[in-house]
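Every value quoted in this text rests on a predicted model; they were computed, and no experiment measured them. Quick note: numbers below take in every heavy atom, side chains included, and nothing from hydrogens, waters or symmetry partners.
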Amino acid sequence: MSSESHSDQFHLPTLTSSLFDPEEDSSIHDPNGVVHGSSSAHSQPSDDVSIRAHTASSQPSTPSSSGYVAEIEDVALQNEIQELSIHGSDEDDASISWRKRKKHFFVLSHSGKPIYSRYGDEHKLAGFSATLQAIISFVENGGDRVKLVRAGKHQVVFLVKGPIYLVCISCTEEPYESLVEQLELIYGQMIVILTKAVNKCFEKNPKFDMTPLLGGTDIVFSSLIHSFSWNPATFLHAYTCLPLAYATRQAADAILQDVADSGVLFAILMCRHKVISLVGAQKATLHPDDMLLLANFVMSSESFRTSESFSPVCLPRYNSLAFMYAYIHYFDADTYLMLLTTSSDAFYHLKDCRIHIEMVLLKSNVLSEVQRSLLDGGMRVEDLPPLPRFGSSQLGQNRLQLDSPDRLREPNSGIGGDAGLWHFLYRSIYLDQYVSSEFSSPINTPQQQKRLYRAYQKFFVSMHDKGIGPHKTQFRRDENYVLLCWVTQDFELYAAFDPLADKASAIKTCNRVCQWVKDVENEIFLIGATPYSW
């Protein structure tokens, strides 16, 4: 049962100092090491969390040396991290600036011990964490589980994962479903670093302190939280590919397949957050959420950029209880290779694989084509081709119908694309991949893009609302946009138009978008990828 009420309806138990009694000594100290190309690559961590500290034994447990100080390419994230380091690190729950934050994330243990806070020093927020823990315990003692508390404009969203509690306090008007999924991803990012075996530590010592295990990883979580405002993968549960000529992608696929056949579980070639090629061993499938969390972990960790690395990682959707081992190498500032294996002593084998892959990629000009694609960008609404007068519609019978065929007229030309088309998201359900158009001139600031992104989030939740849906189509008009969503068994389309756009023209334009995506699918999707059954 979901407890959804105002916070003043809770009568909290008295907090005692026992929540903050000194904890017993723990054998786990600092797991945040990354094994670089050396004989230490042969160290053999097991699946237990305590063993992860073994790979870091030669490195001090400081943020500057543990491998998590990122080279941030995104200016907005860089500014956010800088702001936190200057103004936010000393905040506590009594600070006016802390209270004005629109969206907080907290991670705490079931004993109320703070683990992570997006803003402020988690140690200074110990009393606040204890209050959150008391709310959860109070409801659980009554035989229920609290999921959501509304307090004025704020939503307090709770997620309980065994001995770990995650909480979001938000006044951003994002749907509850979106916020709880964001908490799930934060928990998943934690599992990438520690595995779910960390629960065993709490079984042995309920007052166990997890913060040393995550020391220096704040940048990883900050990067993930920032992606909630710009990356559609965080709510679509799909990944996107870098646009490439079919022959170029085939060349990358071929060499990665050779590597997969030699004992590599997954071989992934990426350009920033976009996939160039992905190959898995037979019967091995990689969940899009795992790809999102793994890419975020790699891109926000500077040590991976500066040298070839061999690091234990966990893929929560694949096996949340065990580490696998990732060989990571950057070919340039944007393009990197990840080779994943279950073998802890495979470093030198994977190094040889990387050398072979690099030779083939250079010889076949794949890396130069990747850089060219990065400069060219993706699909632009201004380039939308006309729909052929005669010919098959998108995927045969899938065609969005007009309310009244008599109202059909040629699309009017607006700012952005035809019929005032400003932006679209297209998700292939079978491939678990999506493509997003470049932002056009009406949506050219981070604030405007963030507002559209959140409009898509709400639309996505509405379309998949099991209580009143799911829906096949929706058309909404407000002062900011005309939003049109269309869901079939094959794909989902989310499109944003000028708020004065004509409905009939918008419908016709959506049909053109779907046909366009179909025509260039070999360039924008990884067609040969194994479908994910999850």
**Request:** If the plane angle is over 60° it's perpendicular, under 30° parallel, otherwise tilted; pick one for Phe106 and Trp98.
**Result:** tilted
With sequence neighbours excluded, residues passing salt bridge (Lys or Arg N to Asp or Glu O under 4.0 Å) with [X]:
X	answer
Arg372	Glu369
Glu492	Arg427
Glu184	Lys161
Arg454	Glu174

**Request:** Determine, for Phe105 and Arg118, whether the Lys NZ or Arg CZ falls below 6.0 Å from the six-membered ring centre while staying within 45 degrees of the axis.
**Result:** no
**Prompt:** Does NZ or CZ of Lys147 lie under 6.0 Å from the centre of the six-membered ring of Tyr176, at an angle within 45° of the ring axis?
**Reply:** no
**Message:** Run Arg317 and Asp289 through salt bridge (charged side-chain N to carboxylate O under 4.0 Å, His left out) and show every step you take.
**Reply:** CA-CA 8 Å; Arg317 297 280 194 149; Asp289 285 357; 3.2 Å; yes
**Request:** Walk me through it: do Val275 and Leu278 pass the test side chain to side chain contact (heavy atoms under 4.5 Å, CB included)?
**Result:** CA-CA 7 Å; Val275 175; Leu278 163 64; 4.1 Å; yes
**Prompt:** Closest heavy-atom contact between Ile357 and Val259?
**Reply:** CD1-CG2, 3.4 Å
With [X] via side-chain contact (heavy atoms from CB on, under 4.5 Å) - residues at least two apart:
X	result
Asn444	Gln448
Val461	Pro175, Glu177, Ser178
Ser368	Asn365
Gln449	Phe439, Ile443

Pairs of donor and acceptor atoms involving the side chains of residues 248-257, under 3.5 Å and at least two apart or interchain, shall be tabulated with distances.
residue : atom : partner : partner atom : Å
Arg249  : NH1  : Leu242  : O            : 3.3
Arg249  : NH1  : Ile276  : O            : 3.0
Arg249  : NH2  : Leu242  : O            : 2.6
Arg249  : NH2  : Glu523  : O            : 2.8
Asp253  : OD1  : Ser277  : OG           : 2.3
Gln257  : NE2  : Asp261  : OD1          : 3.0

**Message:** Using the ring centroid of each side chain, check whether Tyr456 and Phe235 are separated by less than 6.0 Å.
**Reply:** no
**Ring-ring centroid check His104 Tyr119, cutoff 6.0 Å** = yes
**Prompt:** Taking only residues two or more places apart in sequence or in another chain, which ones pass ring-ring contact (aromatic ring centres under 6.0 Å, His included) with Phe221?
**Reply:** Tyr116
**Item:** By side chain to side chain donor-acceptor pair (under 3.5 Å) - contacts of Ser227 (at least two apart)
**Value:** none
**Message:** Holding to side chain to side chain donor-acceptor pair (under 3.5 Å), I want the full list of residues that pass it with Tyr434, two or more places apart in sequence or in another chain.
**Reply:** Asn231
**Complete:** ring pair (Phe, Tyr, Trp, His ring centres under 6.0 Å) test vs His273 passes for just one of Tyr336, Tyr239, Phe297, Trp230, namely Trp230
**Check against side chain to side chain donor-acceptor pair (under 3.5 Å), Ser462 and Gln474** = CA-CA 9 Å; Ser462 176; Gln474 282 195 57; 2.9 Å; yes
**Item:** Exceeds 12 heavy-atom contacts within 6.0 angstrom, atom OH of Tyr246
**Value:** no
**Asked** Are the side chain of His471 and the backbone of Trp486 linked by a donor-acceptor contact shorter than 3.5 Å?
**Response** no
